[in-house]
Each structure stands twice: as structure tokens, then as C-alpha cells.
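Here is the structure we will look at, set down as C-alpha cells.
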Amino acid sequence: MGKIHSKFPNYYDNHVLNDDEKYNLHLRHHLVREIFKGNFSSPVHNILTGWSARVLHVNSILGTWLAEMSANYPGCTYIGVNSISSDEDGKPFDVEFIKSDIQNEGLPYDDNRFDFIVIRFCAWEYSESEWKDIIKELIRCLKPGGWVEITDFGMDFQNPGPKLINFLNNLTNIKCTKDKNINVVNKYEEFLMETNEMENIQKQTEYLPIGEHGEKLGETALQFAHDNINMYLPRYAKFMGMQLKDIPCIADTLCEEANENNTMVPITRVFAQKIL
């Protein structure tokens, strides 16, 4: 298994999550499941009902997705991999957590091991070249005929206001993201195709409403966005010339504009099958 190196560590490396961050991660999972009307888009229902499938979730921080999958498709083996230790309190008996860093260590598994592999919400963590290596590593561990699925937020917002557009442009141009493509979600199909090992490559994008126009879902998403800005913008503040004390006001301003403009955030799933 190859090593994938990066100058910028994952946010969660050596980071102990507080209760607000855990709530935010759980909420993200539920919002995404709601707009897609399910926990996956790959056609793996028949595989999962076979009572012997092996499922791997890369970047499994809390294990919410795995716990729900275990409840909906009992009898399979579920493994979550992350570079930090996961909270195993109350985990289902058929769910296992492994501490391993795909970026620097690869996956600790033999070739052709899993029937279904998912990786979610890592778009900003890796450069395009790192993403290509990560996808190759996922495919290495995937059985022929198995499916890989990548889920991420995109940056092609519907109805963005001028403040949001300016904010995203500034975020794109700061030093610590210059080798990253923050809209890399639009490249996943290309990366999968370039491996010459995948077929049936598909893409599904749904839009999450931010604000009152989305009723209860939109109001919940608005609060999620507000909390997300307050939690994670401090990571980039010094690169963007911001004072930490100004971040709550920035969160208020961006979310008020999103609510007024009926802004919609794209979330995309790209999935493909390994050639037999």
C-alpha cells in the first residue's frame, strides 16, 4: 500500500472533538441522508442483503453512517477507518473501528477485500494528485464487481449572494489552499475513469436549501451552516486576514444573505463499479 503525503494535516488529526463538533457532524449526516432519501446511491441493495458483504467507510469520524447501515442491513461486516480514534460507546456488534491514515499509510487491507467502500466529506483535505492516489487505494481494496462511492459538498451554489461569492473567492486564493481544488467534487468522475479499473461511473447531485425557503430542512441547514462557519473558519482566519473576534459577525452576515437569496448548496455523490 502506497503512502500519500500532504503539507497540510487533516483538521481532525490529533484533535479531540467537543460536544458541539460531534453534534455538527451528526447533523451533517442527517441532512445529507434526508436530501438523498437514503444513505447511499450506489445500486448495492442486493449485495447488502446477502448477509456476507464487507463494507468500509473511510473518514468515519463518529460512525453514524455505519450504525445506520448496520441497523438497515444486518449480517454484513462494517469497518470504519480514520486517522483518529473513534468513540466506540454503544457501537453495534458488527461495526469495527480502525485507526489508520489513508493519506500517509494507505489502507491496512489486502487487495479485493470489500464489496462497498465509501468516503465522505474530504474534498478540502487533499490536493488533486493526492485524491488520485486515494482513489487508487480505495479501488485496490475493492472487490471486482464492488462499488465505491464518494460524497462531498460542492461550491457551485445556486442563488449565491455577493458576500458569499466574495468569501468563496477569498477562500480559494489563500495560501494554505492554493494546491487544493475546493470544488474537486467535479473531478471525481474523471479520476475514477483515469484508473481504467472502473465502469458504470455515475453522478447524483442534490441541493440543500439554506434558510426559510426550505422550511424545516432549510432552517436546520441554516443553523448547520452558521455553526460550521463558527467552528471551522478559525482554521483559515489568519490566511484570510480575519480577526477571530469577527468570525461570529461573518457567520451572521453570510447566513442572513443566504436566507434572503434562497441559496442552495450542492451535495454530490459519485459512484462506480470495479470491472470484473
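Hydrogens, waters and symmetry mates play no part in the numbers below; they use all other heavy atoms, side chains included.
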With rounding to the nearest 0.5 Å, note down the distance linking [atom1] in [X] to [atom2] in [Y].
X	Y	atom1	atom2	value
Ser60	Tyr78	OG	OH	13.0 Å
Lys187	Ile135	NZ	CD1	11.5 Å
Leu66	Asn39	CG	CG	10.0 Å
His213	Leu222	NE2	CG	9.5 Å
Thr151	Arg33	OG1	CZ	13.5 Å
Leu217	Leu208	CG	CG	5.5 Å

Please list, chain by chain and in numerical order, all residues satisfying ring-ring contact (aromatic ring centres under 6.0 Å, His included) with [X], sequence neighbours excluded.
X	value
Phe114	Tyr109
Tyr188	Trp131
Phe157	none
His30	none

Please check this pair: side chain of [X] against backbone of [Y], looking for a donor-acceptor N/O pair closer than 3.5 Å.
X	Y	answer
Lys274	Ile139	yes
Lys143	Asp115	no
Glu137	Leu107	yes
Asn181	Glu128	no
Asn261	Thr263	no
Gln204	Thr268	no
Asn72	Glu68	yes
Glu105	Asp101	yes

Heavy-atom count check: over 12 atoms from other residues, nucleotides or ligands less than 6.0 Å from Lys163 NZ?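 No, the 6.0 Å shell around NZ holds no more than 12 heavy atoms from other groups.
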Taking atom CG of Asp111 as the centre, report whether more than 12 heavy atoms of other residues, nucleotides or ligands fall under 6.0 Å from it.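 For Asp111, atom CG is crowded (more than 12 foreign heavy atoms under 6.0 Å).
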Applying side chain to side chain contact (heavy atoms under 4.5 Å, CB included), can you list everything that pairs with Pro234, at least two apart in sequence or on another chain?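 Testing Pro234 for side chain to side chain contact (heavy atoms under 4.5 Å, CB included), a comparison that skips the adjacent residues, returns Leu244, Ile247.
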Tell me every residue that passes side chain to side chain contact (heavy atoms under 4.5 Å, CB included) with Lys238, counting only those two or more places apart in sequence or in another chain.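 For Lys238, no residue satisfies side chain to side chain contact (heavy atoms under 4.5 Å, CB included) once neighbours in sequence are set aside.
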I'd like to know whether the aromatic ring centres of His45 and Tyr73 sit less than 6.0 Å apart in this structure.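 Ring-ring flag for His45/Tyr73: true, centres closer than 6.0 Å.
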For residues [X] and [Y], determine if any side-chain heavy atom of one lies less than 4.5 Å from a side-chain heavy atom of the other.
X	Y	answer
Arg113	Arg140	no
Ile102	Tyr126	yes
Leu17	Leu25	yes
Met231	Glu21	yes
Asp156	Asn186	yes
Pro144	Asn112	yes
Val81	His57	no
Ile267	Glu206	no

For the residue pair [X] and [Y], what are the closest heavy atoms and their distance?
X	Y	answer
Ile182	Met155	O-CG, 3.5 Å
Ser100	Pro108	OG-CD, 3.5 Å
Glu130	Ser127	OE1-N, 2.8 Å
Asn259	Gly211	OD1-CA, 3.2 Å

Can you run down the salt bridge (Lys or Arg N to Asp or Glu O under 4.0 Å) pairs that involve residues 45-65, sequence neighbours left out, and say none if there aren't any?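 Applying salt bridge (Lys or Arg N to Asp or Glu O under 4.0 Å) to every pair that reaches into residues 45-65, excluding sequence neighbours, yields nothing.
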Per the salt bridge (Lys or Arg N to Asp or Glu O under 4.0 Å) rule, what does the pair list look like for residues 259-270, sequence neighbours excluded?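 Sorted pair list: Glu149-Arg269.
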One pair to check against side chain to side chain contact (heavy atoms under 4.5 Å, CB included): Met198 and Leu142. What are the steps and the verdict? CA-CA 11 Å; Met198 305 299 287; Leu142 187 66; 4.0 Å; yes
Could you check Val148, Ile47, Val55 and say which one makes a side-chain contact (heavy atoms from CB on, under 4.5 Å) with Phe116?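 Among Val148, Ile47, Val55, the one that satisfies the side-chain contact (heavy atoms from CB on, under 4.5 Å) with Phe116 is Val55.
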Applying side-chain contact (heavy atoms from CB on, under 4.5 Å) between Ile79 and each of Val95, Ile98, Val58, report the one that passes.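 Considering Val95, Ile98, Val58, a side-chain contact (heavy atoms from CB on, under 4.5 Å) with Ile79 is found only for Ile98.
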Residues that, via side-chain heavy atoms closer than 4.5 angstrom, fall in one hydrophobic cluster with Met264: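 Tyr207, listed by chain and number.
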Under the side chain to side chain contact (heavy atoms under 4.5 Å, CB included) criterion, do Val118 and Phe40 qualify, and how do the steps go? CA-CA 9 Å; Val118 300; Phe40 56 87; 5.7 Å; no
Treating Ile, Leu, Val, Met, Phe, Trp and Tyr as nodes and any side-chain heavy-atom pair under 4.5 angstrom as an edge, say whether [X] and [Y] lie in one connected cluster.
X	Y	answer
Leu171	Ile165	no
Tyr23	Phe224	yes
Ile275	Leu192	no
Met193	Val185	yes

What pairs of residues pass the side chain to side chain donor-acceptor pair (under 3.5 Å) test when at least one of them lies in residues 193-202, not counting sequence neighbours?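 Listed once each, the pairs are Asn200-Gln273.
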Check the side chains of [Y] and [X] for a donor-acceptor pair under 3.5 angstrom, ignoring hydrogens and angles.
X	Y	answer
Asp94	Ser70	yes
Asn230	Asp227	no
His26	Thr64	yes
Asn82	Asn59	yes

side-chain hydrogen bond (donor to acceptor under 3.5 Å, both in side chains) with Lys216: which residues, sequence neighbours excluded?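 For Lys216 there are no side-chain hydrogen bond (donor to acceptor under 3.5 Å, both in side chains) partners, ignoring immediate neighbours.
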With sequence neighbours excluded, tell me which residues meet salt bridge (Lys or Arg N to Asp or Glu O under 4.0 Å) with Glu212.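 Result, salt bridge (Lys or Arg N to Asp or Glu O under 4.0 Å) vs Glu212: none returned.
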Step by step, work out the side chain to side chain contact (heavy atoms under 4.5 Å, CB included) result for Leu233 and Phe167. CA-CA 11 Å; Leu233 187 55; Phe167 173 80; 3.8 Å; yes
